[in-house]
Structure formats: C-alpha cells, structure tokens
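Please read the structure below before turning to the comments.
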Amino acid sequence: MDASLGRHLMVRRQVLGHRQIDAAAAVGVDPKTWMWWEQDMRQPYVHQYPAIIRYLGYEPWAEPLTLGSSLLAQRRRQGLSIKRAAEIVGVDEGTFGRWESGEWKPQLRSLPIIDRLLDAAD
C-alpha cells in the first residue's frame, strides 16, 4: 500500500531536519495547514501541489496508468483546477472531469490538445 501524502510530508520534513513551521514556510502555507496535511486530516488544494512536489523532490502518487490518472497528475503538477484545465483543452468542466474519472473517453479530435496538456513542461 502506498504511503499517504501526510506520511510523505512528515518523512521528508524529518529527513531535512525541519520543524513543521519551517516546512510550512518552505511550501508557503500556515503551520496549522501543514499539521493537518501531515495528519491526513485535510488535503491540499490543487494550486498547492507544485510547491509540495518541489519540497518532496518527487510526486507522491503512483505512476499514472490511465488517461484519467495522467490528467489528474498533470493538473496537480501544474496546480490547475479542473475549470482551468478544461479551458486550456477547450472543453467544459464536466467533460474534463468525466475524462479524469474515466467515465468518458475523449473524442479523437480532442486527443492532440490533451497530448499538449500532458506534455506541458512543469
């Protein structure tokens, strides 16, 4: 079983010798927010993931194996909301969300745009 995000954050903080207040400052959040994350009481907002990934030095989720999990991983890397990712791709939020959940598959005409989003630099 994969470790929780909280566990990843706690281990990295300890490896770096940081206090929670130091880690929170490095990521740009309130120390209480960091504490909630470490305790898995709350999850970060998507716009906070780029700073979390930089702090950890890696992505704390399994390698994406489906289009949906790839879309979610890329949204996290870029800190994009579903709304913003949908705007970039040129579809509505509901469509993008259904692609991400695996409920729908994109039409062929959407694949080149999706590929550009997935290939975008972090």
Side-chain angles (χ1 to χ4, degrees):
M1 182 172 161
D2 290 328
S4 70
L5 176 61
R7 179 80 178 148
H8 285 279
L9 294 170
M10 182 183 67
V11 168
R12 181 65 173 159
R13 178 178 60 78
Q14 291 172 342
V15 165
L16 294 173
H18 289 168
R19 299 171 299 162
Q20 284 184 337
I21 195 169
D22 304 322
V27 174
V29 296
D30 183 88
K32 194 168 193 173
T33 298
W34 184 273
M35 177 198 68
W36 287 330
W37 290 351
E38 271 196 19
Q39 294 176 2
D40 291 313
M41 294 175 68
R42 300 223 174 131
Q43 291 297 306
Y45 293 111
V46 71
H47 72 270
Q48 296 167 318
Y49 273 105
I52 290 169
I53 294 166
R54 282 190 300 275
Y55 184 80
L56 291 173
Y58 61 91
E59 296 176 358
W61 49 79
E63 183 68 28
L65 300 176
T66 65
L67 175 62
S69 62
S70 295
L71 291 171
L72 175 59
Q74 188 64 358
R75 273 198 322 104
R76 286 176 172 165
R77 284 181 202 118
Q78 294 184 35
L80 299 175
S81 66
I82 286 179
K83 180 178 182 177
R84 182 64 188 124
E87 289 171 357
I88 291 169
V89 175
V91 297
D92 64 73
E93 291 176 64
T95 298
F96 195 93
R98 287 178 183 94
W99 290 346
E100 197 172 278
S101 72
E103 186 179 340
W104 287 358
K105 293 186 181 186
Q107 294 180 354
L108 287 176
R109 68 177 182 245
S110 301
L111 293 177
I113 299 167
I114 292 170
D115 285 343
R116 284 196 297 271
L117 175 69
L118 292 174
D119 293 338
D122 299 350

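Quantities reported herein were computed from a predicted structural model and do not represent experimental measurements.
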Side-chain heavy atoms of His8 within contact of Arg12, under 4.5 Å: no
Atom CD1 of Ile21: over 12 foreign heavy atoms under 6.0 Å: no
Nearest heavy atoms of Gln78 and Leu117, plus distance in Å: NE2-O, 3.5 Å
Parallel, tilted or perpendicular, as decided by the 30° and 60° cut-offs, for the rings of Tyr45 and His47: parallel
Approximate separation, where rounding is to 0.5 Å, of Lys105 NZ and Trp99 CH2: 13.5 Å
Basic-acidic side-chain contact under 4.0 Å: Glu100, Arg75: yes
Heavy-atom pair of closest approach, residues Thr95 and Trp104: OG1-CZ3, 3.7 Å
Side-chain polar contacts of residues 82-90 - donor-acceptor pairs under 3.5 angstrom, sequence neighbours left out - could you list them?
| unit_1 | atom_1 | unit_2 | atom_2 | d |
| --- | --- | --- | --- | --- |
| Arg84 | NH1 | Glu87 | OE1 | 3.2 |

Asp40 side, atom CG; Arg7 side, atom CZ - distance, nearest 0.5 Å: 10.5 Å
Within one Ile-Leu-Val-Met-Phe-Trp-Tyr cluster: Leu118 and Leu65, side-chain cutoff 4.5 Å: no
Leu111 side, atom CG; Gln107 side, atom CD - distance, nearest 0.5 Å: 9.5 Å
Which atom of Gln48 lies closest to which atom of Trp37, heavy atoms considered: OE1-CZ2, 3.2 Å
Any donor-acceptor pair under 3.5 Å from Arg98 side chain to Gly94 backbone: yes
Leu16/Asp22 under side chain to side chain contact (heavy atoms under 4.5 Å, CB included): CA gap, chis, key distance, verdict: CA-CA 10 Å; Leu16 294 173; Asp22 304 322; over 6 Å; no
Partner set under ring pair (Phe, Tyr, Trp, His ring centres under 6.0 Å) for Trp61, not counting sequence neighbours: Tyr49
Single-linkage hydrophobic cluster, 4.5 Å side-chain cutoff, Val46 and Leu80 together: no
Minimum heavy-atom distance between Pro50 and Arg77, given as atom pair plus value: CG-O, 3.3 Å
Contacts under 3.5 angstrom, residues 27-35 side chains, donor-acceptor by atom type, not counting sequence neighbours:
| unit_1 | atom_1 | unit_2 | atom_2 | d |
| --- | --- | --- | --- | --- |
| Asp30 | OD2 | Lys32 | N | 2.8 |
| Trp34 | NE1 | Glu38 | OE2 | 2.6 |

Side-chain donor or acceptor of Arg13 paired with backbone N/O of His18 under 3.5 Å: yes
Any side-chain heavy-atom pair of Leu67 and Ile114 under 4.5 Å: yes
Heavy-atom side-chain proximity of Pro44 to Leu5 below 4.5 angstrom: yes
Tyr58 reachable from Val11 in the ILVMFWY side-chain graph, under 4.5 Å edges: no
Residues Leu9, Leu56; criterion side chain to side chain contact (heavy atoms under 4.5 Å, CB included); working and verdict: CA-CA 7 Å; Leu9 294 170; Leu56 291 173; 4.0 Å; yes
In one Ile/Leu/Val/Met/Phe/Trp/Tyr side-chain cluster, 4.5 Å: Ile113, Leu71: yes
Smallest separation among heavy atoms of Arg42 and Trp36, with atom names: NH1-CZ3, 2.6 Å
